[in-house]
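Reading through the structure tokens given below for one structure.
Note that these values count all heavy atoms, side chains included, but never hydrogens, waters or copies made by symmetry. One-based numbering along the sequence shown.
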Amino acid sequence: MAMADQMADWFHTTTGLTPYDAIGWTTRPDAFVMPTQDLPVRAVRRFANEGREPVVARSVQEIDPWDALLVNRGGSGLLELTFCGKLGKSQICHDQVALIPAGADSSFEFPPAAGSFTLYFPTGQLQALAGPEASPAVRPILGERHANMALAMVKVERELLNPGFGSELLIQSLLRSIAMMVYRHDPATMQETAERIHLSPARLRRVIDYVDACISDQISLDDMAQVAGLSSFHFSRVFKLATGETPYQYLSMRRLNLARRLLARGDASLVDVALHCGFANQSHFTAAFTREAGMSPGKFRKCFWAGAR
């Protein structure tokens with residue numbers, strides 16, 4: 001299936017619309033829709049188009065159901081962005097991001113050689129991720145340089161392409177960071193609120209037991225926070241204070257250690273090991289294990305048994 005057709009199928013499945021109902025393109029996009037499973041976001045990588053004419057993408061205000069956050073992923077030239085009747089022009093550059101709120105009347109015009117990575121948030125999801133201090137209104141970002149937000153988005157893209165042992169938690173943490181940057185919280189106020197919240201030994205024990213019991217399943221930050229009896233907004237911070245690790249680091253290491261134990265036993269196939277460690281397929285598990293352990297699962301098993309003799 002062509003990438004643009006995948007994109008159309010995804011929009012139709014999740015919104016009841018095709019991308020051409022919600023976005024008017026002068027040139028059909030060459031795009032790749034990334035699997036996001038249960039994450040509170042959808043992700044699309046748009047590649048450079050062939051041709052010489054500028055590409056224009058227009059939103060249709062009445063049927064645009066999401067906030068779109070874009071980051072530049074290559075290319076140069078002039079970006080023209082019209083937002084609610086106001087035209088802005090800027091040179092495409094590294095770390096450039098744009099946020100178009102749901103329902104806004106807008107259009108982009110950019111060179112065909114430009115590429116982008118876009119996160120689509122259902123209406124209200126950015127506010128939910130940013131926490132209780134966030135206001136309902138989200139401020140548009142019209143092609144500004146934002147190094148930290150761009151870096152966080154690139155990390156989300158890379159983790160979606162090459163998932164690791166705790167990708168779901170890492171991506172959720174990155175999405176929360178992105179949302180907080182969008183809303184530009186007052187750090188002093190957030191710190192003052194957070195310092196009143198802690199993770200007791202009993203609550204920590206419940207979280208650890210939950211992770212061990214569900215390590216083969218998809219585990220989210222919301223799941224861990226609920227077990228701890230805390231809001232997702234504050235859970236990551238207090239968990240790190242209690243353990244010295246982020247939830248992502250903790251889950252990743254538990255799954256990596258489980259993989260090592262299963263491989264050392266020698267009676268489980270690589271497919272079974274992958275499933276036990278929370279991966280949907282063997283190829284993602286092999287890539288993640290090789291990245292973390294410095295060798296492939298098969299080589300690790302051979303080295304273990306060679307050393308055990």
Side-chain angles (χ1 to χ4, degrees), residues 36-41 129-131 148 151-181 185 187 190-264 273-280 284-295 297 300:
T36 52
Q37 284 85 34
D38 297 328
L39 292 168
V41 69
L129 287 168
N148 290 336
L151 178 61
M153 292 183 68
V154 170
K155 286 182 177 179
V156 170
E157 180 187 13
R158 289 173 179 169
E159 203 66 26
L160 288 172
L161 288 173
N162 300 291
F165 284 89
S167 286
E168 61 272 36
L169 293 187
L170 178 57
I171 292 173
Q172 288 161 5
S173 295
L174 289 168
L175 292 177
R176 291 186 187 279
S177 296
I178 290 168
M180 290 166 64
M181 284 185 271
H185 281 301
M190 293 174 59
Q191 181 69 18
E192 181 181 345
T193 302
E195 285 175 352
R196 297 196 299 264
I197 300 171
H198 69 283
L199 188 61
S200 68
R203 290 184 177 187
L204 176 60
R205 183 72 256 168
R206 289 203 299 268
V207 173
I208 291 174
D209 290 344
Y210 167 76
V211 170
D212 288 343
C214 302
I215 200 164
S216 300
D217 303 327
Q218 293 295 315
I219 299 176
S220 71
L221 274 175
D222 289 342
D223 294 334
M224 295 176 72
Q226 186 175 7
V227 171
L230 297 173
S231 71
S232 301
F233 183 69
H234 295 296
F235 174 74
S236 292
R237 173 188 169 275
V238 296
F239 184 87
K240 185 173 182 178
L241 284 175
T243 65
E245 298 176 305
T246 66
Y248 157 71
Q249 292 168 334
Y250 179 80
L251 177 61
S252 179
M253 187 54 62
R254 297 290 272 202
R255 284 177 170 166
L256 179 60
N257 289 338
L258 173 62
R260 287 171 172 151
R261 291 197 302 272
L262 292 173
L263 291 169
V273 175
L275 294 176
H276 274 92
C277 294
F279 287 85
H284 283 166
F285 164 71
T286 298
F289 186 91
T290 302
R291 187 165 64 246
E292 295 293 334
M295 65 180 71
F300 176 88

Can you sort out the partners of R254 under salt bridge (Lys or Arg N to Asp or Glu O under 4.0 Å), two or more places apart, ordered by chain and number? D212
Rounded to the nearest 0.5 Å, what's the gap from CG on L275 to CG on L262? Could you check? 11.0 Å
Could you tell me which residues satisfy side chain to side chain contact (heavy atoms under 4.5 Å, CB included) with A152, sequence neighbours excluded, listed by chain and number? L174, I178, M181
Results of side chain to side chain contact (heavy atoms under 4.5 Å, CB included) for A264 - residues two or more places apart only: F304
One should read off an interatomic distance between F235 CZ and T246 OG1, to the nearest 0.5 angstrom, of 10.0 Å
Point-to-point distance, once rounded to the nearest 0.5 Å, from CZ of F279 to CD of Q218: 9.5 Å
With heavy-atom distances below 4.5 Å as the criterion, would you say the side chains of R203 and V207 are in contact? no
Shortest non-hydrogen contact from L251 toward G166: CD2-CA, 4.4 Å
Going through the checks in order, is the side-chain contact (heavy atoms from CB on, under 4.5 Å) test met by L161 and R158? CA-CA 5 Å; L161 288 173; R158 289 173 179 169; 5.8 Å; no
Taking every heavy atom of L230 against every heavy atom of V238, the minimum-distance pair comes out as CD1-CG2, 3.6 Å
Say you draw a straight line from CG of L129 to OG of S177; how long is it, rounded to the nearest 0.5 Å? 10.0 Å
List for me each residue that meets side-chain hydrogen bond (donor to acceptor under 3.5 Å, both in side chains) alongside D217, sequence neighbours excluded, and say none if there are none. none
Mind listing the closest non-hydrogen atom pair of T290 and T286 along with its distance? OG1-O, 2.7 Å
Tell me, which pairs form a ring-ring contact (aromatic ring centres under 6.0 Å, His included) where one or both residues lie in residues 244-264, sequence neighbours left out? F239-Y250
Please examine the side chains of P247 and L170, heavy atoms only from C-beta on, and report whether any two atoms are closer than 4.5 Å. no
Closest non-hydrogen atoms of V41 and T36, given as atom of the first, atom of the second and distance, are O-OG1, 3.1 Å
side-chain hydrogen bond (donor to acceptor under 3.5 Å, both in side chains) partners of S220, counting only residues at least two apart: D223
For the student: nearest non-hydrogen atoms of C214 and I219, plus distance: O-CD1, 3.4 Å
Value rounded to 0.5 Å, distance of OG in S252 from CG in N257: 9.5 Å
Holding to side chain to side chain contact (heavy atoms under 4.5 Å, CB included), I want the full list of residues that pass it with A259, two or more places apart in sequence or in another chain. F165, V273, C277, F285, F289
Mind checking side chain to side chain contact (heavy atoms under 4.5 Å, CB included) for R291 and listing every partner two or more places apart, or none if nothing turns up? N162, A288
How long is the straight-line distance from CD of Q172 back to CG of L175, given to the nearest 0.5 Å? 7.5 Å
E159 meets the side-chain hydrogen bond (donor to acceptor under 3.5 Å, both in side chains) criterion, sequence neighbours left out, with S167
Listing request: all salt bridge (charged side-chain N to carboxylate O under 4.0 Å, His left out) pairs with a residue in residues 160-180, at least two apart in sequence or in separate chains. E168-R255, R176-D222
L199 versus A242, closest heavy-atom pair with distance: CD2-CB, 4.2 Å
